[in-house]
Each structure stands twice: as structure tokens, then as C-alpha cells.
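Just below is one structure, and these are the notes that go with it.
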Amino acid sequence: MTTKTKEANSESILSDIAINAELADYSPVKGCMVIRPHGYAIWESIQKTLDKMIKDTGHENAYFPLLVPESFLQKEAEHVEGFAPECAVVTQAGGKELTEKYVVRPTSETIINHMFSKWVSSYRDLPLKLNQWANVMRWEMRTRLFLRTSEFLWQEGHTCHATHEEAKEEVIQMINVYKDLLENYLAVPVHIGEKTDSEKFAGALDTFTIEALMRDGKALQAGTSHDLGQNFAKAFDTTFTSSENKLEHVWQTSWGVSTRLIGAIIMGHHDEVGLILPPKVSPYQVVIIPILKKNMDNSAVLDKGYEIKSDLEKLGISVKIDARDQISQGIKFNEYEQKGIPVRLVVGARDLENNQVEIHRRDIRSKEKGISLDGLGELVKNLLDEIQTNLLERAKNFRQENTKNVKNIEELAEVLNSSGGFARAKWNGDVELEKILKEKFSASIRCLPLETELADDYPCILSGTISSENKEILIAKAY
RNA sequence: CGGGACAUGGCUCAGCUUGGUAGAGCGCUUCGCUUGGGACGAAGAGGUCGCAGGUUCAAAUCCUGCUGUCCCGACCA
């Protein structure tokens with residue numbers, strides 16, 4: 001419990017932090033993890049925020065079953081090709097071989113479309129905008145806590161629209177919702193971009209992504225939003241009668257983010273001590289440590305602690321007080337620092353006399369004694385805002401420092417073989433580049449960013465040609 | 001799925017080369033003494049050495065297989 005986090009240069013920062021901060025633990029099942037209360041509370045915090053955003057944009061929650069008939073998956077050719085290898089399949093139940101095998105959902109496109117085809121018949125039924133919070137399973141070769149586990153929690157939105165235009169708007173709207181969530185709540189800056197054909201979702205016409213940069217220089221796909229076109233509608237015969245009385249297939253989207261976001265927080269915000277949580281997603285924003293003395297009357301100190309807690313809570317700040325005796329405050333300090341709690345208040349007998357507390361902020365590990373209790377609430381509230389802002393700014397600066405424009409493969413090699421980070425380039429679309437990236441650098445085109453920065457006359461990284469047809473791309477090694 | 005490393009009390013690890021039936025530190029329990037950044041002393045509890053085989057009079061130690069974890073690749077949210 002009190003083991004210290006390994007040095008920042010350790011190659012296993014992710015698991016060290018996840019274990020030491022008590023976010024998760026390994027399960028007896030390969031590739032799966034147990035999400036512990038501190039980790040699950042972060043997920044609940046993300047859920048609460050995102051769920052509201054999803055509802056505010058006109059979606060409703062529903063729930064579809066865990067098991068999907070295997071035949072459903074096979075209805076969409078590209079989809080089955082993309083997912084079949086990583087599906088867990090139920091072949092037996094009730095002591096008998098099943099006549100039809102069930103796939104443990106790797107995503108719910110197929111079963112949801114099966115239902116959509118029953119529910120949609122008129123343009124008056126559209127748009128149909130659903131979301132579900134669920135677990136999914138993908139049998140991965142190599143798993144890592146939060147970033148890639150065989151089972152993970154996520155939300156998947158699924159919508160049907162009368163026109164492709166409207167579906168495209170939905171796709172863009174939701175990827176922007178994700179950007180908002182990542183930047184303004186998780187304090188993780190992201191690039192919105194389009195995936196290349198080889199990287200897009202199996203069965204989609206187009207995939208939009210939010211790409212974040214982790215502190216180790218690797219990129220992380222943190223969320224995706226797909227334009228499914230009419231691929232699933234055709235496979236499942238999801239049709240509607242238009243206002244012109246014509247039978248048409250619906251246009252669909254799907255979009256999701258997962259518990260990987262907790263991995264993004266871990267790998268986006270940490271130091272040599274451990275996790276650093278943005279105040280807005282921290283299970284509690286302030287921890288109060290009363291300095292307790294054994295064999296003495298601590299009631300005045302404890303009362304003050306609870307009083308401060310109550311005062312802060314009135315201002316909408318979430319507070320935990322750790323009143324355990326028998327455990328020294330030093331151990332508690334360390335525990336909450338490892339867990340990433342943004343602000344710590346320490347109150348002891350001496351503070352009581354002077355009407356003050358000691359305050360510690362996790363992001364920059366600064367400590368200040370003698371903070372007056374008068375106006376403490378406002379001070380803490382502002383401090384939390386400042387920490388939230390600082391984390392985002394710090395991550396933005398880090399990303400900027402670790403993004404280099406590259407004109408050719410040699411310049412690219414320098415970036416990818418040194419500190420990592422994003423390489424920004426122009427590309428003529430030749431898939432040869434993706435082959436080179438994969439084989440020589442274990443890297444990939446993360447996206448074609450919507451917000452471009454390079455001048456029109458910047459040359460293609462592969463051919464050196466200058467053309468208005470060339471697209472801007474972000475290249476990186478990725479998780 | 002390939003390459004490497006590892007698996008010994010709750011945690012971190014020693015012991016394995018050279019086989020003789022298990023240790024340390026931390027944590028835990030009790031008592032005392034302490035107490036504003038991981039205290040100290042004393043006495044205790046706790047392990048069929050990842051699992052399954054094999055070799056041997058005897059296996060934590062040698063051999064084989066399996067499982068899991070970590071790192072590096074291929075695959076992917």
C-alpha cells in the first residue's frame with residue numbers, strides 16, 4: 001500500500017500508477033481488470049458529465065443485450081472481417097450445444113440495427129438517436145490496464161437519419177462533444193481529425209477521431225465517431241418511407257468513448273509521485289487531513305475539519321475527510337498524492353489557535369501554511385479552477401513542444417526516433433506512406449486534422465511534390 | 001501470436017548456480033512510547049515457494065508442459 005511509485009523513466013508507468021492509486025487491479029481472467037472504487041468513481045464522474053451532454057444533444061439511453069447472434073455479425077461484410085478475430089463466442093448454454101452461437105458483443109451495431117429495422121418505417125420516425133452505456137469484449141492480443149483490456153466499459157451512440165447530410169452533421173457534432181469532454185473536463189487537449197481508410201472503423205464510410213498526446217510521446221485515440229452511411233441499413237434492411245413516398249435506407253452514425261479515457265488521464269497527467277487528477281473528474285476534489293494526537297482530545301480539530309468540509313460542500317466542492325487515527329498523516333499525505341487528489345487541507349491544533357489551515361495543491365506540489373479560514377471556500381474554489389486550467393495549459397504546451405512539422409522521411413525519423421510526439425506533414429494520399437510508417441517506425445497516420453496549420457506550398461512527405469490536393473496529416477507512434 | 005524478463009507471507013524481494021524441506025524489510029495484531037511529511041521498542045500472527053507432471057532417498061532449487069504479469073513487436077477503442 002505504501003510502495004513508492006517508480007521513477008518516471010520506468011516503462012510501466014501506466015500499471016504502476018493504476019495499481020498504486022488503487023484505480024484497478026488485475027483479475028483472474030486474462031486481459032480483464034477489476035476497476036476499484038477510486039477508478040470507478042472517476043468513470044462515474046465521466047459518465048455523469050458525458051451522459052448529460054449526450055442527452056442535451058437529443059439522445060436517449062437504452063440497453064441492448066450482451067449476446068449477439070453470430071449470424072448478425074456476418075451480415076455486414078467489412079464489419080465481420082474487422083471484428084470476427086477478436087470475438088468471444090458462446091457455444092454452450094444450459095449444458096447443451098447451442099444451435100446458433102452467440103457472440104459477446106464487441107460493439108452493438110448489428111443487434112441495434114436488427115431492432116432499428118423493426119422500429120423505423122417512416123421519415124416521421126427519424127431521426128432516431130439512441131445511446132447505451134455498456135460493457136463490450138474484444139479479445140486482444142496484448143492488454144494494458146485501461147488503455148486496452150479485453151472487457152471494457154463504454155458508451156455507444158447509434159443514430160438513424162433521413163439524409164446523409166444530417167448523419168454527417170451528427171458525426172461532427174458528437175466528435176465535438178467528445179473534444180469538449182476531453183479538454184474541459186479531463187484537461188486532455190485533442191486534435192479532431194479523419195481516419196485514413198486503413199484506420200477507420202470496420203463498416204464505416206468515414207471515421208472521425210480525437211487524438212491526444214500522452215506524456216511518453218505516444219498518441220492515443222481517445223474517441224471515435226463514425227459515418228456508417230447505409231452499410232448497416234442495407235445489411236439489416238432498415239428502411240423508411242420518405243415524405244415523397246419513396247422507400248429508402250436510413251443513414252446512420254455511431255460513436256463511442258470508453259474506460260480508455262481513464263488511461264488518457266493517467267498517461268496525460270502524472271509525475272514521479274503518481275496520478276494527477278483534474279478537479280472536474282476527481283472523485284473528490286479536496287481531502288482534509290486532521291492532525292490527530294493519540295491519548296488527547298482531538299474533538300476540536302475534528303469538529304473544525306467537519307466544519308470546513310461542510311462549508312466547502314455548500315460551495316459545490318466535493319470533500320473527503322480522512323479521520324483515521326493510528327495512521328500517521330505522512331502516510332495519508334502520500335496516499336492522496338498517489339491517488340491524484342487535487343487539493344489537500346491540513347488542520348491541526350496549532351491551526352485552530354490561529355484560525356488557519358495548510359493547503360497543498362497536487363498539480364505543482366506546492367504547500368502553503370497559514371491560510372486563513374476566512375474566505376477559504378472561495379480560495380479553494382478558485383484554486384480548483386486554477387488547477388483545472390493549469391493542467392490543460394500544461395498538456396497543451398507539452399503537445400506543442402512535441403509536435404514538429406516534417407518535410408520528408410528523414411525529418412520524420414528524427415521525431416519518431418527521439419522524443420516521440422506528433423509529426424505534422426503533407427501527404428498525397430499514397431498508401432505507401434502507411435506501409436513505411438508501420439514497417440520502419442511502428443507508427444501510423446493518426447488522423448487528417450480538421451484544423452490545419454501547414455502552408456499550401458508545404459511539400460508531400462513522401463513525394464516532395466507541392467499540390468493543393470495534398471492533405472495535412474498527423475503522424476505518431478500510438479497506443 | 002513471436003522475442004525477452006518474471007512468478008517465494010498482504011507488499012517489495014533474497015534464497016535457486018552447487019537439491020537436504022524457507023528468510024529479510026515493510027505492512028498486519030497487541031502493549032508501551034511517540035505524533036505538523038512515510039517514528040521507535042518489545043512480543044506475536046501469517047507461506048503446501050503460480051499450477052500440473054517428471055527426475056531424485058529428498059525439489060523453492062534440476063527437467064517438461066501450462067497459466068498469469070511486465071517489456072518489445074504484429075493486431076486493436
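Chain A is the first sequence line, chain B the second, and so forth, proteins listed ahead of strands; every chain is numbered from 1.
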**Prompt:** Between the base of B:rG36 and the side chain of A:D351, is there a donor-acceptor distance below 3.5 Å?
**Reply:**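 Such a pair is found, so the answer is yes.
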**Request:** State whether the distance check finds a donor on one side and an acceptor on the other, under 3.5 Å, for side chain A:E337 versus base B:rG37.
**Result:**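 Checked by distance alone, the answer is yes.
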Could you check which nucleotide pairs with [N] in any of the strands shown, counting Watson-Crick or G-U wobble with both distances under 3.5 Å?
N      : answer
B:rC51 : B:rG65
B:rA74 : none
B:rA42 : B:rU30
B:rC11 : B:rG25

Categorize [X] for me: base, sugar-phosphate, or nothing, with a 4.0 angstrom heavy-atom threshold over every strand shown.
X      : result
A:S442 : sugar-phosphate
A:G348 : base
A:F152 : base
A:L220 : nothing
A:Q329 : sugar-phosphate
A:K367 : base
A:S444 : nothing
A:F333 : base
A:G263 : nothing
A:S328 : sugar-phosphate
A:A349 : base

Which whole number of Å gives the distance between the [atom1] atom of [N] and that of [M]?
N      : M      : atom1 : value
B:rU17 : B:rA7  : P     : 15 Å
B:rG47 : B:rG53 : C1'   : 23 Å
B:rG44 : B:rA5  : P     : 43 Å
B:rC76 : B:rC1  : C1'   : 14 Å
B:rC49 : B:rU12 : C1'   : 16 Å
B:rC13 : B:rC6  : P     : 12 Å
B:rU30 : B:rA45 : P     : 15 Å
B:rA39 : B:rC28 : P     : 11 Å

**Message:** Counting only side-chain nitrogens and oxygens, does A:R148 get under 4.0 Å of the OP1 or OP2 atom of B:rC75?
**Reply:**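 For B:rC75, OP1/OP2 do not have a side-chain N/O of A:R148 under 4.0 Å.
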**Message:** For B:rC76 and A:R144 - does any side-chain N or O of the residue sit under 4.0 Å from the phosphate oxygens OP1/OP2?
**Reply:**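 No, outside the criterion.
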Ignoring hydrogens and angles, state whether a donor on the side chain of [X] or [Y] is under 3.5 Å from an acceptor on the partner side chain.
X      : Y      : value
A:Q329 : A:D322 : no
A:T159 : A:Q252 : no
A:R446 : A:S444 : yes
A:S150 : A:E140 : no

[X]: side chain to side chain donor-acceptor pair (under 3.5 Å) partners, not counting sequence neighbours:
X      : value
A:T209 : A:E211
A:Q356 : none
A:S442 : none

Quick one: does NZ or CZ of [X] land under 6.0 Å from the six-membered ring centre of [Y], within 45 degrees of the ring axis?
X      : Y      : answer
A:K75  : A:F72  : yes
A:R144 : A:Y479 : no
A:R148 : A:W139 : no

**Request:** Please say which of A:H158, A:H226, A:H59 ends up in a ring pair (Phe, Tyr, Trp, His ring centres under 6.0 Å) with A:W255.
**Result:**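 Answer after filtering A:H158, A:H226, A:H59: A:H59.
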**Prompt:** Using 30° and 60° as the class limits, which term best fits the ring planes of A:W154 and A:F152: parallel, tilted or perpendicular?
**Reply:**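 Ring orientation, 0 to 90° scale: perpendicular.
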**Message:** Side chain of A:Q338 only, heavy atoms from C-beta on: which candidate in B:rU69, B:rC76, B:rG38 is closest?
**Reply:**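 When the side chain of A:Q338 is considered, B:rG38 is the closest of B:rU69, B:rC76, B:rG38.
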Whole angstrom value for the distance that separates [atom2] of [N] from [atom1] of [X]:
X      : N      : atom1 : atom2 : value
A:M141 : B:rC70 : CE    : P     : 17 Å
A:D297 : B:rU35 : CG    : P     : 17 Å
A:H360 : B:rG36 : NE2   : C1'   : 14 Å
A:L186 : B:rA77 : CG    : C1'   : 15 Å
A:E199 : B:rC76 : CD    : C1'   : 9 Å
A:K293 : B:rG36 : NZ    : C1'   : 7 Å
A:E335 : B:rC11 : CD    : P     : 17 Å
A:N298 : B:rG36 : CG    : P     : 13 Å

Pairs: protein N or O with nucleotides 3-9 of chain B N or O, under 3.5 Å:
none

**Request:** Please list all pairs passing the salt bridge (Lys or Arg N to Asp or Glu O under 4.0 Å) test where one or both residues lie in residues 340-349 of chain A, with sequence neighbours left out.
**Result:**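 Listed once each, the pairs are A:E337-A:R344.
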**Message:** For A:E439 and A:S15, find the nucleotide of RNA chain B closest to each by heavy atoms; which residue's nucleotide sits nearer the 5' end?
**Reply:**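 Between the two, 5'-proximity favours A:S15.
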**Prompt:** For A:A478 and A:K30, take the nucleotide of RNA chain B holding the closest heavy atom to each; which residue's nucleotide lies nearer the 5' end?
**Reply:**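 Here A:K30 is the residue nearer the 5' end.
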All N/O pairs under 3.5 Å across the protein-nucleotides 40-43 of chain B interface:
none

